[in-house]
2 protein chains.
Amino acid sequence: MDIARITIAPSTSAQVHDWLRKRVQQGDLPPGMRISETEVAAAIGISRQPVREAFIRLASDGLAEVRPQRGTYISKISVAAVLSARFIREAVEADLARAVAKTRPVAVLDRMAKEIAKQHKADRDGNVEDFIESDDRFHKLLALGAGQEAVWADLDRLKAQMNRLRHLSMRAFDRSFTIGQHQQILDALRGGDADAAESAMRAHLRQMLTEVPQIAAAQPDYFTA
Amino acid sequence: MDIARITIAPSTSAQVHDWLRKRVQQGDLPPGMRISETEVAAAIGISRQPVREAFIRLASDGLAEVRPQRGTYISKISVAAVLSARFIREAVEADLARAVAKTRPVAVLDRMAKEIAKQHKADRDGNVEDFIESDDRFHKLLALGAGQEAVWADLDRLKAQMNRLRHLSMRAFDRSFTIGQHQQILDALRGGDADAAESAMRAHLRQMLTEVPQIAAAQPDYFTA
DNA sequence: TATACCATACTTCCATACCAGTGAAGCGAA
DNA sequence: TTCGCTTCACTGGTATGGAAGTATGGTATA
């Protein structure tokens, strides 16, 4: 066994946090929903304290809002936060695309091609979850190819609000169009054309600018300005 | 009175968190230092619980590390995290600079000029804290001028590790050189030259690439890879 | 009917007590 | 001296009770 796999059992509080975070991200716990220390604790069969600490962690992630003496609520999706994350992604991934186009790391580019294949399959199967995960891996590989793996970790945290929105949008929008954009990006990277790679990436991420208002308008209860 | 000024008193836990965060950022609590729930609670005169929750928040910020049954330690500064934040800043602020150069919002540009004046003064006075704050405001104004204020809020959180490093570096490096770079950026913005603004900004933020290794080498105990 | 008041049932927040894991000091045997 | 075991003080983790604040619905009053 890999020595790195030796870990200690995470605390109850951390486990509850992970569980809640996933459920929020996947839209299982909808924006605006009220959650209660007492209820969650009773449901799991533990005391209130670890649940409370999980709520605090969730609030640090921007996924919940604790209102003292009033209650704790799942955060609504902030349109401003989503657009901010989008802006940052466009700037950063444009630079990443330029860097990768210059070095053309074959191994990474091949893995990106495989992800596109997986996306085709997930699209055919109608498997939204698989599609989103592969989409993320595609973009993560770009950072890896640029030797900036840590950058993706930072972007991933910024994307928290965006991820929730995506679970709403992937059902509504044309996934094959997204895949086509991925293919264009990859083609430009393989061709070593930094300018083309950058503009393809920017166009891809600007797609969100038209989608976000539509999604927000469709379910206004889930969003705040 | 402005209705927006009606606020609720922050919880003890939140106050402790704020206090600790500031002290860590300013280097008052050095990287690697051990902190104890019991000691902090006794020093303030409260119970362990709110202190414990403040530690959890601090860990979410990446400023502390809680090791179960062992102790809680102030995080060492991750060189990888600093470089990642730097990369992101360069990409994002390059785009921001382009945007501002195109619109040339006079009011904002004037405020940037005032910040540069403040930086000259802080440099003369040897006031490191004032200098850093003005430096931050200068860059924040750029985001404001581009109509992307929320972007700065995100960058600010990413900068957490970088900020700690800056408190070490500002004493070691030439501040007047930094001010000169700010002036170059502002001149390009006023001239409406997007290319010049972008390259001046990139050069400014790449400065860190040479400084970080030197600072890390000077105080290796404070850093991790 | 409309309004002010109040009892009540929640909520999160804090204090306290106890639990289990850790690590270093102390001790004794080889 | 060196090694191994035991002990014990100390750590963060969890459970529980009560304090303080808030929302709500009923009730008395005009």
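In what follows, every heavy atom counts, from backbone to side chain, and hydrogens, waters and symmetry copies are set aside. A, B, ... follow the sequence lines: proteins, then strands. Residue 1 opens every chain.
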Which residues share a salt bridge (charged side-chain N to carboxylate O under 4.0 Å, His left out) with A:Asp125, sequence neighbours left out =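 For A:Asp125, the residues satisfying salt bridge (charged side-chain N to carboxylate O under 4.0 Å, His left out) (neighbours in sequence not counted) are A:Lys121.
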Taking heavy atoms of chain B and a 4.0 Å limit, find me the 5'-most and 3'-most nucleotide of DNA chain C within that range.
->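 On DNA chain C, the outermost contacted nucleotides are C:dC14 to C:dG23.
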Name the atoms and distances for all side-chain donor-acceptor pairs under 3.5 Å in residues 59-71 of chain A, with sequence neighbours left out.
unit_1	atom_1	unit_2	atom_2	d
A:Ser60	OG	A:Ile56	O	3.4
A:Asp61	OD2	A:His17	NE2	2.6

If a pair satisfies salt bridge (charged side-chain N to carboxylate O under 4.0 Å, His left out) and one of its residues is in residues 212-225 of chain A, list it, with sequence neighbours excluded.
->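 The answer is none; no pair qualifies.
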Going through the distances and angles, do A:Phe87 and A:Leu209 end up as a side chain to side chain contact (heavy atoms under 4.5 Å, CB included)?
-> CA-CA 10 Å; A:Phe87 185 93; A:Leu209 284 175; over 6 Å; no
Between A:Ser13 and D:dG13, does any side-chain N or O lie under 4.0 Å from OP1 or OP2?
->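 No, because none of the side-chain N or O atoms of A:Ser13 sits under 4.0 Å from OP1 or OP2 of D:dG13.
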Report the distance from atom CD of B:Glu37 to atom P of D:dT11, rounded to the nearest whole Å.
->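 It works out to 9 Å between those atoms.
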Listed in order of residue number, which residues of residues 48-59 of chain B have a non-hydrogen atom at under 4.0 Å from DNA chain D?
->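 Of all residues in residues 48-59 of chain B, the ones placing a heavy atom under 4.0 Å from DNA chain D are B:Arg48, B:Gln49, B:Arg52.
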For the pair A:Asp95 and A:Arg98, find out whether any cationic side-chain nitrogen is under 4.0 Å from an anionic carboxylate oxygen.
->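 Judged by the 4.0 Å cut-off on N to carboxylate O distance, A:Asp95 and A:Arg98 do not form a salt bridge.
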Of A:Pro10 and B:Arg34, whose closest DNA chain D nucleotide lies nearer the 5' terminus?
->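 The residue whose closest nucleotide sits nearer the 5' end is B:Arg34.
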Between A:Gln69 and B:Gln69, just flag the one whose closest nucleotide in DNA chain D comes earlier from the 5' side.
->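 The residue mapped nearer the 5' terminus is B:Gln69.
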Under the 3.5 angstrom rule, does the side chain of A:Arg86 hit a backbone N or O of A:Leu205 as a donor-acceptor pair?
->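 Yes.
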If you look only at pairs with a residue in residues 133-159 of chain B, which of them pass as a ring pair (Phe, Tyr, Trp, His ring centres under 6.0 Å), with sequence neighbours excluded?
->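 Qualifying pairs: B:Phe138-B:His182, B:His139-B:His182, B:His139-B:His204.
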Decide side chain to side chain contact (heavy atoms under 4.5 Å, CB included) for B:Thr178 and B:Asp174; before the verdict, give the C-alpha distance in whole Å, the side-chain angles of both, and the deciding distance to 0.1 Å.
-> CA-CA 7 Å; B:Thr178 299; B:Asp174 188 357; over 6 Å; no
